[in-house]
Amino acid sequence: MPVITCIDDLKRLHKARAPKMFYDYAESGSWTEQTFRDNTADFAEIRLRQKVAVDMTNRTTRSTMIGQDVAMPVALAPVGMTGMQHADGEILAAKAAERFGVPFTLSTMSICSIEDVAARTQKPFWFQLYVMRDEDFVRRLIERARAAKCSALVLTLDLQILGQRHKDLKNGLSAPPKLTPSTIADLATRWRWGLGMLGTPRRFFGNIVGHAKGVGDTSSLSSWTAEQFDPQLDWGKVAKLKEMWGGKLILKGILDADDARKAAEVGADAIIVSNHGGRQLDGALSSIRVLPQILDAVGDRVEVHLDSGIRSGQDVLKALALGARGTYIGRAFIYGLGAMGQAGVTKALEVIHKELDLSMALCGERDIHNLGRHNLLIPDGFFTRYS
Ligand SMILES: Cc1cc2nc3c(=O)[nH]c(=O)nc-3n(C[C@H](O)[C@H](O)[C@H](O)COP(=O)(O)O)c2cc1C
């Protein structure tokens, strides 16, 4: 068993163990990948203020996100095709999150279905919705999430059309993988993954196959998105979906102060400042750089969460110190899953928790709620460079 000390260790193992097509799917951004790179580079620009000779006993990272208790304010982000990174991936990640005490968000484009995950977990999870043209199908997805006792609906607003990722096109990304000479050659070296897949029936988009009517090729994420996602989604439809759901609503993909105000007006419980991990509008700013203007725009009318670029507990600390109430990790937990299944997701959470806790101590803080701008050193003009 290799010694894992950081998220990068899990990433290396993920790369070695998962088929190239799925590792590449996770480890890429759209077009030139500028925003994908900026997400991590901008976190690195912000530095932490060290404090010494401060009592650092009895620290706590416990908090709440949309009123739910969390061991630390770090949720697992919705990630499509998680069950292709490792057999039964969504179930394993949900179990790891449940045991750790953080929320798990199931993607519409998951391999394990809503019912699969609900049957194998005890605590409620969150369900992420992509709005499709087929209103009946959307209504049924919402009903299924309600029946599964999901405790929040995460409505993603930034992917009604798909940003192009070159590698996915070149690799012929699909679930399950289509057998071609190059995929066969690649799969032959991933025996661990192959054995897992042989042992599970969950190899298709579980929320879609058998549920959506009149659909063509359900194995291809890109053709499904192009054919089925609703390009007419607007704030009026968001308000209707909020009513239809009737529970806690989180709006994901906000990167602009005006949009944040609209999200607050519509009555969302939280927004996620997110550029989809650099996978949609290439050239958009990093989430961490726009966070302060969004907080200024909404005040405390809505909880503000953030994702995109978090690879460490120090990154979480920076987002919280800038005013985010909660954060999400996408790739950081996917690396863990692809590396070692459920144990790998647990490891990713442990790594991030330890980094967060120890960095808090070194910043002279004992309670996560006391983090603030005073803990940060921010380069001049960092937030005003682009206008
Ligand atoms: C492989 C992959 C698949 C994703 N699939 C979805 C999805 O199905 N729904 C969604 O709302 N966001 C999806 N996202 C975006 C994540 O929810 C999250 O916004 C992003 O991963 C955060 O950036 P990070 O990976 O740098 O942490 C996906 C991200 C990745 C990396």
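Treat the numbers as computed from the prediction; the structure is a model and nothing was measured. Indexing begins at 1, ligand by ligand and atom by atom, following the structure's order.
The residue from Ala77, Pro78, Ser110 that puts a heavy atom closest to atom 6 (C) of ligand 1 is Pro78. With distances taken over non-hydrogen atoms, the option nearest atom 20 (C) of ligand 1 out of Gly309, Ser286, Gly277 is Gly277.
A heavy-atom separation below 4.0 Å is found between Asp307 and ligand 1. For the ligand labelled ligand 1, residue Phe36 lies outside the 4.0 Å heavy-atom shell.
Polar contact with ligand 1: absent for Ala332 (N/O pair, distance under 3.5 Å). Taking distance alone, with nitrogen or oxygen atoms compared against 3.5 Å, Arg279 stays at or beyond that limit from ligand 1. Checked against a 3.5 angstrom limit, the closest N/O atoms of Gln128 and ligand 1 fall inside it.
Of all the atoms in ligand 1, the ones that sit under 4.0 Å from a non-hydrogen atom of Val79 are 1 (C), 2 (C), 3 (C), 4 (C), 5 (N), 6 (C). Listed by number with element, the atoms of ligand 1 under 4.0 Å from a non-hydrogen atom of Ser274 are 19 (O). Within ligand 1, the atoms closer than 4.0 Å to a non-hydrogen atom of Thr156 are 10 (C), 11 (O), numbered from 1 in the order shown. Counting atoms of ligand 1 from 1 in the listed order, those under 4.0 Å from a heavy atom of Ser107 are 7 (C), 8 (O). For ligand 1, the atoms lying closer than 4.0 Å to a non-hydrogen atom of Gly80 are 3 (C), 4 (C), 5 (N), 6 (C), 7 (C), 8 (O). If you number the atoms of ligand 1 from 1 as listed, the ones under 4.0 Å from a heavy atom of Ala26 come out as 1 (C), 31 (C).
Lys262 has no carboxylate O lying under 4.0 Å from a charged side-chain N of Asp258, or vice versa, which leaves the two without a salt bridge. Salt-bridge annotation for Asp234 and Lys237: absent, with no side-chain N of the basic residue lying under 4.0 Å from a carboxylate O of the acidic one. Looking at Asp315 and Arg311, no side-chain N of the basic residue comes within less than 4.0 Å of a carboxylate O on the acidic one, giving no salt bridge. Between Arg59 and Asp357, at least one side-chain N (NZ, or NE/NH1/NH2) sits under 4.0 Å from a carboxylate O, which counts as a salt bridge.
Both tests hold for Arg279 against Tyr25: distance to the six-membered ring centre under 6.0 Å, angle to the ring axis within 45°. Taking the ring axis of Phe382 as reference, the NZ or CZ atom of Arg289 stays within 45° of it and closer than 6.0 Å to the ring centre.
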Step-by-step side-chain hydrogen bond (donor to acceptor under 3.5 Å, both in side chains) determination, Gln68 to Trp126: CA-CA 11 Å; Gln68 301 178 16; Trp126 297 352; 3.1 Å; yes
Test side-chain contact (heavy atoms from CB on, under 4.5 Å) applied to Tyr23 and His14, step by step: CA-CA 7 Å; Tyr23 176 79; His14 176 204; 3.5 Å; yes
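Nearest non-hydrogen protein atom to atom 12 (N) of ligand 1 is Lys252 NZ, 2.9 Å. When hydrogens are left out, the protein atom nearest atom 27 (O) of ligand 1 is Gly330 N, 3.0 Å; that is the closest non-hydrogen contact. Among all protein heavy atoms, the one lying closest to atom 10 (C) of ligand 1 is Tyr130 OH, 3.2 Å.
Residue His276 touches ligand 1 through backbone and side chain together, judged by heavy-atom distances below 4.0 Å. At a 4.0 Å heavy-atom cut-off, ligand 1 touches Arg311 through the side chain alone.
Aromatic ring pairs are classed by plane angle as parallel below 30°, tilted from 30° to 60° and perpendicular above 60°; the pair His276 and Tyr130 is parallel. Classification of the His305-Tyr328 ring pair by plane angle, with boundaries at 30° and 60°, yields tilted.
Proximity of a side-chain donor or acceptor of Asn207 to a complementary backbone N or O of Ile114 within less than 3.5 Å is detected.
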